[in-house]
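One structure below.
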2 protein chains.
Amino acid sequence: MGARAGDPSGEGTGGDAATGSTDTGHLGRRQRSRRRTLAGLKAAALEEVREVGAPALALRSVARRAGMSPAGLYRYVESRDGLLTLLIADGYDDVADHLDVALGRPAAQAADAPPTVPLIAGQDAGPATRMTAVALAYRAWAVDHPHEFGLIFGDPVPGYVAPPQGPTTTAMSRVGLALATPVIEAFEAGRLTIPPAMAATDLQAAVRPMEALAPDLPSELYLLLLTMWGRLHGQVSLEVFGHHAWLFPDGCEPLYRADVAALVTELGLAVAVDQPGR
Amino acid sequence: MGARAGDPSGEGTGGDAATGSTDTGHLGRRQRSRRRTLAGLKAAALEEVREVGAPALALRSVARRAGMSPAGLYRYVESRDGLLTLLIADGYDDVADHLDVALGRPAAQAADAPPTVPLIAGQDAGPATRMTAVALAYRAWAVDHPHEFGLIFGDPVPGYVAPPQGPTTTAMSRVGLALATPVIEAFEAGRLTIPPAMAATDLQAAVRPMEALAPDLPSELYLLLLTMWGRLHGQVSLEVFGHHAWLFPDGCEPLYRADVAALVTELGLAVAVDQPGR
DNA sequence: GAGTATGTGCGAATGGTGTTCGCGAATCAA
DNA sequence: TTGATTCGCGAACACCATTCGCACATACTC
């Protein structure tokens, strides 16, 4: 009586109580319909974000676009921020998929319109090539989806904090892991020079180990990966948010490439001609 | 007749036509009052931003805070975005002042509450110390003013583009220049190693020279400075926007320090014990 | 001084927003 | 069929940015 009938969390449907009888994966007709309209809702919201940006997203207008009443939206979404949270989670996965493609892996969820990735480096390419590929893919996604990038990496939704084990956190781990993969491979092949500053003792004490990323990773490497991500992210962030537009009217890709090249050199990944086959 | 009487741009007062007679700097009583209330308005808006963040800033509530009617606000501000633009310009200057303090320079505008800067490195300190000082000051300001950082460096106001010679652009140049100063000094002292990747020919062609920063700077150095800024900015950005909060519950300063140390080493700034006196 | 233009502030009004509530219709489990 | 649950919606509330016309105070001109 106290709570409303509808349950935005989506898992409160009676079908959930399929205790034994209809145990097959075939969820009820209602569940499927619900999932479908929710997907449509997210798609509409994503279009809206792509057009006007996250801060200007109007719940009423995504309702219009999805052919629904504004009130009806609340059967599927907790609030405006809740909808944005859903988009954020999807956005993380989208980035991760892109990076996976650049690494020559199949994307987890089939991309309906697979966009062009500047460089694809398969498993047999050298670490320098693979590192460059993911780094460029990171920037390419950001430049191609500036508003989604802003949604994910920009000013966070005021009250929002990612639940430690929630979907956004795991999806972000996917991004970090993809960026880290070439370096980890190089490390395991014994072809990586880690800056000595990463071994500072107070540093080791400050970081909370992230088991999900790679269980038994030396912490110097782990910390190096974090700084590396930040380094790449900073260039992309400054570009996408327009702080370099007046310096590079045609885009910052050359600057970014140069920085990645310097990074690859510093890490010792570019030995000789970077011959393939590990 | 077409335009309203009030002029939000602020310089339309009749006193501007002080042709000869009252040529002294004593602007009329009205001008001063106007300037004062505008400052109060900006202060109120800044408090509001600090509390609820830029995207949640409500014009009505800054009007309340400033003891004014919402409509009256429009005599001083073009629109909500216009007010945010003013805050952005001030924010840039605030960062620049902080960095100047860290470099041992006097801040341009007297800070009413001079906050603690983690490390002040005067003119006679070595480039490694000075570099570390500005870098730490950059992070310290961001961590102390997260909402203003988001306002300046986060998702930009949808339609806003910084006018090429406008106040925000010049203020941003101040920030860039402060961050660059130690490196430039090291370069002039012949103590700087520039990564060879910065000399790529297509890179040189892509960047538009920024005369304001430093007229006759070799472009490799110029580009190095840009990547350096991005590198620092990325770490700070990830931290302030909360993407590292689950990894570093007590703040990312150790990680940041390590990255700065690595950067200093790579640039060759830390020769021996970094003896002072150039 | 008076007269007049101009800046200043405000109340009211408009159209947009997020969100809640109650009700009818559709769907499901029995 | 019966009863319970979900879906979707219209109406409503409170808040928002912005505009307009009007009253007042100030400044300049004569």
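In this text the structure is predicted, and so the values were computed from the model without any measurement. Letters A, B, ... are given to chains in the order of the sequence lines, protein chains preceding strands, and every chain is numbered from 1.
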Side chain to side chain contact (heavy atoms under 4.5 Å, CB included) with Val175(B): of Asp94(B), Ile152(B), Val95(B), Asp100(B), only one passes, and it is Val95(B)
Whole-Å distance between dG10(D) C1' and Met68(A) CE? 15 Å
Could you work out, with side-chain contact (heavy atoms from CB on, under 4.5 Å) as the rule, every residue matching Met68(B), not counting sequence neighbours? Leu41(B), Tyr76(B)
Can you tell me how far P of dG8(D) sits from CZ of Arg36(A), to the nearest Å? 10 Å
What is the distance from CG of Leu38(B) to C1' of dG9(C), rounded to the nearest Å? 15 Å
Set of salt bridge (Lys or Arg N to Asp or Glu O under 4.0 Å) partners for Arg65(A), sequence neighbours left out: Glu47(A), Glu48(A), Glu51(A)
Rounded to the nearest Å, what distance is computed from the CG atom of residue Leu83(A) to the P atom of nucleotide dT19(C)? 10 Å
What is the distance from CG of Leu73(A) to P of dT20(C), rounded to the nearest Å? 13 Å
Test side-chain contact (heavy atoms from CB on, under 4.5 Å) applied to Glu239(B) - qualifying residues, sequence neighbours left out: Arg139(B), Val143(B), Cys252(B)
Going by ring pair (Phe, Tyr, Trp, His ring centres under 6.0 Å), name the residues that satisfy it together with Tyr256(B), two or more places apart in sequence or in a different chain. none
Interatomic distance, Leu255(A) atom CG to Leu247(A) atom CG [nearest 0.5 angstrom]: 9.5 Å
Once side chain to side chain donor-acceptor pair (under 3.5 Å) is applied, do any residues pair with His244(B), and if so which ones, sequence neighbours excluded? none
Restricting to nitrogen or oxygen on both sides, can you table the protein-nucleotides 16-18 of chain D pairs closer than 3.5 Å?
from, atom 1, to, atom 2, distance (Å)
dA17(D), OP1, Leu59(B), N, 2.3
dA17(D), OP2, Leu59(B), N, 3.1
dA17(D), OP2, Arg60(B), N, 2.9
dA17(D), N7, Arg60(B), NH1, 2.3
dA17(D), N6, Arg60(B), NH1, 3.4
dT18(D), OP2, Tyr74(B), OH, 2.6
dT18(D), OP2, Arg80(B), N, 2.8
dT18(D), O5', Tyr74(B), OH, 3.0

Of the nucleotides dC7(D), dG9(C), dT8(C), which has the atom closest to the Arg34(B) side chain? dT8(C)
Just to verify, what does Ala140(B) make a side-chain contact (heavy atoms from CB on, under 4.5 Å) with, not counting sequence neighbours? Pro118(B)
Expected output is a numbered-order residue list: members of residues 43-51 of chain A with a heavy atom under 4.0 Å from any atom of DNA chain D. What is it? none
State whether Arg75(A) places a side-chain N or O below 4.0 Å from either non-bridging phosphate oxygen (OP1 or OP2) of dT6(D). no
